[in-house]
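A short write-up of the structure that comes next.
Side-chain atoms are counted along with the backbone in the values below, which use heavy atoms only and exclude waters and symmetry mates.
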Amino acid sequence: MTGALDYRWRLREVMAARGMFSTTDLRPPLAERGVDLSASQVYRLVAEKPERLSLRTLMALLDILDCTMEDLIEPLPPRRRRAARR
């Protein structure tokens with residue numbers, strides 16, 4: 001059996017702790033740091049768990065929110081998958 005890696009994306013929680021309650025609050029500070037995302041891209045970044053994230057975007061979020069990667073990304077214990085039976 002192998003474990004499936006997973007994580008919890010905590011961007012919405014970290015934003016709220018810093019008084020940012022709307023996804024539109026992120027667009028201007030991201031743009032100031034050279035990360036130009038559409039309103040729908042920012043919404044998905046906040047509301048959904050990203051499967052891919054550029055390092056430039058991640059670094060901008062860390063700077064804007066004055067936080068660490070551990071604040072945004074919480075590793076979850078591996079889930080055990082059963083091996084396929086033959």
Flag side-chain contact, heavy atom, 4.5 Å: Leu65 against Met15
yes
Can you find a pair of side-chain heavy atoms, one from Glu13 and one from Arg8, that are under 4.5 Å apart?
yes
Going by side-chain hydrogen bond (donor to acceptor under 3.5 Å, both in side chains), name the residues that satisfy it together with Ser40, two or more places apart in sequence or in a different chain.
Ser38
Atom of Asp71, atom of Arg10 and distance for their closest heavy-atom approach
O-NH1, 3.0 Å
With heavy-atom distances below 4.5 Å as the criterion, would you say the side chains of Leu30 and Leu61 are in contact?
yes
Residues that Glu48 engages under side chain to side chain contact (heavy atoms under 4.5 Å, CB included), provided they are two or more places apart:
Arg44
Tell me the salt bridge (charged side-chain N to carboxylate O under 4.0 Å, His left out) pairs involving residues 15-38, sequence neighbours left out?
Arg33-Asp63
Tabulate below the donor-acceptor pairs under 3.5 Å that side-chain atoms of residues 51-59 make, not counting sequence neighbours, or state none.
from  : atom 1 : to    : atom 2 : distance (Å)
Ser54 : OG     : Thr57 : N      : 3.0
Ser54 : OG     : Thr57 : OG1    : 2.8

Tell me every residue that passes side chain to side chain contact (heavy atoms under 4.5 Å, CB included) with Ala47, counting only those two or more places apart in sequence or in another chain.
Arg12, Tyr43
How many angstroms lie between NZ in Lys49 and CG in Asp6, if you round to the nearest 0.5 Å?
3.5 Å
Shared ILVMFWY cluster between Met69 and Leu26, side chains joined below 4.5 angstrom?
yes
Just by distance, do the side chain of Trp9 and the backbone of Leu45 share a donor-acceptor pair under 3.5 Å?
yes
